[in-house]
Amino acid sequence: MAAQAPTEELNQLSVEDAGSKPKPDASATSNGNLNHDSDDSEDDAEDPAAAGGEGGAAKKKKKRKPRKKKKNPKQQSDPPRVLISQLFPDKKYPKGEEVEYVNENRYRTTSDEKRHLDNLKSEFVNDYRHAAEAHRQVRQWAQKNIKPGQTLTEIAVGIEDAVRALTGHQGLEEGDALVAGMGFPTGLSINHCAAHYTPNAGNKMVLQDDDVMKIDFGVHVNGNIVDSAFTMAFNPRYDPLLEAVRAATNEGIKQAGIDARLGEIGGAIQEVMESYEVEIDGTTYPVKSIKNLNGHTILPYNIHGTKSVPIVKSNDTTKMEEGDVFAIETFGSTGQGFVREDGEVSHYALRSDAPKGDLRLTSAKSLLNVIKKNFGTLPFCRRYLDRLGQDKYLLGLNNLVSNGIVESYPPLVDRKGSYTAQFEHTILIRPTVKEVISRGDDY
């Protein structure tokens, strides 16, 4: 999920806030529609031999073979509905891409002390791997099935239904979405819109052949959020734009590590990004890094942490540190390389530092209670409130925003007529290695 240039207003989640939520096993609630293999038993053939008496032929009683026990499914269904925890019954989920540290940090790979620290966080890392595997399987299904002619609502709901099924938490019971499921709403930002767009109820927008669509969604397990995004385009003329942004993200990941300075990472990203150009309708456009968008740290139950990773060169000397979780995301544009807020708001999040003043509006008080119990500080959208059966909530929601209790995130757009692209991965700065937790065969 995209972050604008860092401000004091960004939502932060303290360790105390995260710790206040119960952490049951995310695989405990199972409601996926599983495709089990089942073998119907077959009857033994009848014995044709006569059994005494003139012309009398007795038949042996039929014997039934014992039914074979149903096995756990070994592959994902289409659409995805098999729990990740059933695909990995030992609850040991696939590792992301592990990258050894270099130079002065090379010793960490074999250090017994660092290995011990790594083991202390094994549950945390396994939750992240669980969420990452769900993200990979859902997005690979999405990449195969998203086609022009579909509505944005159809696409968003398809992704979100799959995430909830694979994590085993539909989020319809109070507090269930806080155990596991969507880390934030599915962003489907098209063309000059770079981020923070998802369809509200009644949205009739249809994906077109010439669109460039950013697909940005999060999956969490016990508040550990995997934030990963990719871009789809159906006209090959946009391939250089997508290639530029993918390469820039990979460069950011390459430069990331313990003691890496954020401003220097931004410079490396910008250099790769802006070495590309794209030709559209006979005009050549340089690809620009969108300078007021950036990557960010991720905290428990909070998608935007305290550190930001610029995608242009800056003088920020802040260092990445052991234990940090970063979303490395880059945005390229054929426009100005600068975004502004514009359009109908769909994304919201409860502020962890929200004031505790009395609310006069009854609908705002009621809605705040719903938000706290169902989302906490995880971002949500209007469709999620609709899904919970809330109605006529806009007045109360706007009141919560105006009182500084809930943050709104309007769509972020570059110049109309331009095209933007995004790629993003979540990385764990572990004591022994850097793990690109969301890496897959697709990107």
Side-chain angles (χ1 to χ4, degrees), residues 1-2 32-33 76-82 131 134-167 169-171 177 181-220 225-235 238 241-242 245-246 303 329 331 343-348 378-387 409-413 419-424 438 440 442-443:
M1 183 174 171
N33 296 323
Q76 190 52 260
S77 60
D78 185 4
R81 293 294 183 269
V82 180
H135 197 289
R136 274 189 292 271
Q137 293 195 19
V138 172
R139 76 185 190 229
Q140 288 169 7
W141 170 81
Q143 289 165 3
K144 293 177 183 176
N145 287 275
I146 292 175
K147 299 289 188 298
Q150 294 176 317
T151 66
L152 298 197
T153 299
E154 179 184 358
I155 295 169
V157 170
I159 289 171
E160 291 163 359
D161 282 352
V163 168
R164 294 181 181 118
L166 268 55
T167 57
H169 293 271
Q170 293 297 324
M182 293 300 299
F184 54 85
T186 303
L188 299 175
S189 305
I190 290 179
N191 299 338
H192 71 292
C193 180
H196 295 173
Y197 186 93
T198 198
N200 288 325
N203 187 301
K204 303 296 185 185
M205 188 178 295
V206 174
L207 181 64
Q208 304 296 321
D209 289 294
D210 204 46
D211 284 339
V212 178
M213 182 168 69
K214 281 68 63 185
I215 303 172
D216 186 359
F217 68 97
V219 181
H220 88 93
I225 308 169
V226 168
D227 184 0
S228 186
F230 57 98
T231 300
M232 293 186 73
F234 307 94
N235 187 329
Y238 301 115
L241 173 61
L242 274 60
V245 183
R246 186 187 297 108
I303 191 60
E329 60 182 319
F331 294 83
E344 183 180 57
V345 179
S346 56
H347 285 59
Y348 300 85
L378 291 172
F380 61 94
C381 64
R382 294 189 198 177
R383 283 185 294 103
Y384 292 6
L385 295 175
D386 300 335
R387 193 169 175 268
Y409 296 91
L412 301 172
V413 303
Y419 295 90
T420 60
Q422 172 196 18
F423 280 90
E424 176 180 22
S438 54
D442 48 348
Y443 66 93

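Everything quoted here is computed from the prediction, not taken from an experiment.
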Side chain [X], main chain [Y], donor-acceptor under 3.5 Å:
| X | Y | value |
| --- | --- | --- |
| Arg164 | Met182 | no |
| Asp216 | Ala229 | no |
| Arg382 | Val345 | yes |
| Gln76 | Val82 | yes |
| Gln140 | Asp442 | no |

Within 45° cone and under 6.0 Å: Arg139 NZ/CZ vs Phe423 ring: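 No, Arg139 and Phe423 do not form such a contact.
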Compute the ring centroids of Phe217 and His135, then answer whether they are less than 6.0 Å apart.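 Between Phe217 and His135, the centre distance is under 6.0 Å.
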Within a strict 4.5 Å, meaning less than it, do heavy atoms of the Thr231 and Leu241 side chains meet?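 Answer no - side chains too far apart.
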What is the minimum heavy-atom distance between [X] and [Y], and which atoms define it?
| X | Y | answer |
| --- | --- | --- |
| Tyr197 | Asn203 | OH-ND2, 2.8 Å |
| Ala177 | Leu378 | O-CD1, 4.0 Å |
| Ser228 | Tyr443 | OG-OH, 2.7 Å |

For Val138 and Leu166: C-alpha separation, side-chain torsions, deciding distance, then whether side-chain contact (heavy atoms from CB on, under 4.5 Å) applies. CA-CA 8 Å; Val138 172; Leu166 268 55; 3.8 Å; yes
For Tyr238, ring-ring contact (aromatic ring centres under 6.0 Å, His included) partners two or more places apart: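 Expected list: Tyr419.
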Salt bridge (charged side-chain N to carboxylate O under 4.0 Å, His left out): pairs with one or both residues in residues 188-214, sequence neighbours excluded: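 As it turns out, the salt bridge (charged side-chain N to carboxylate O under 4.0 Å, His left out) pairs with a partner in residues 188-214, which skip direct neighbours, are Asp210-Arg237.
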Whether His196 and Tyr409 hold their rings parallel, tilted or perpendicular, with breakpoints at 30° and 60°: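 Perpendicular, since the angle between the ring planes exceeds 60°.
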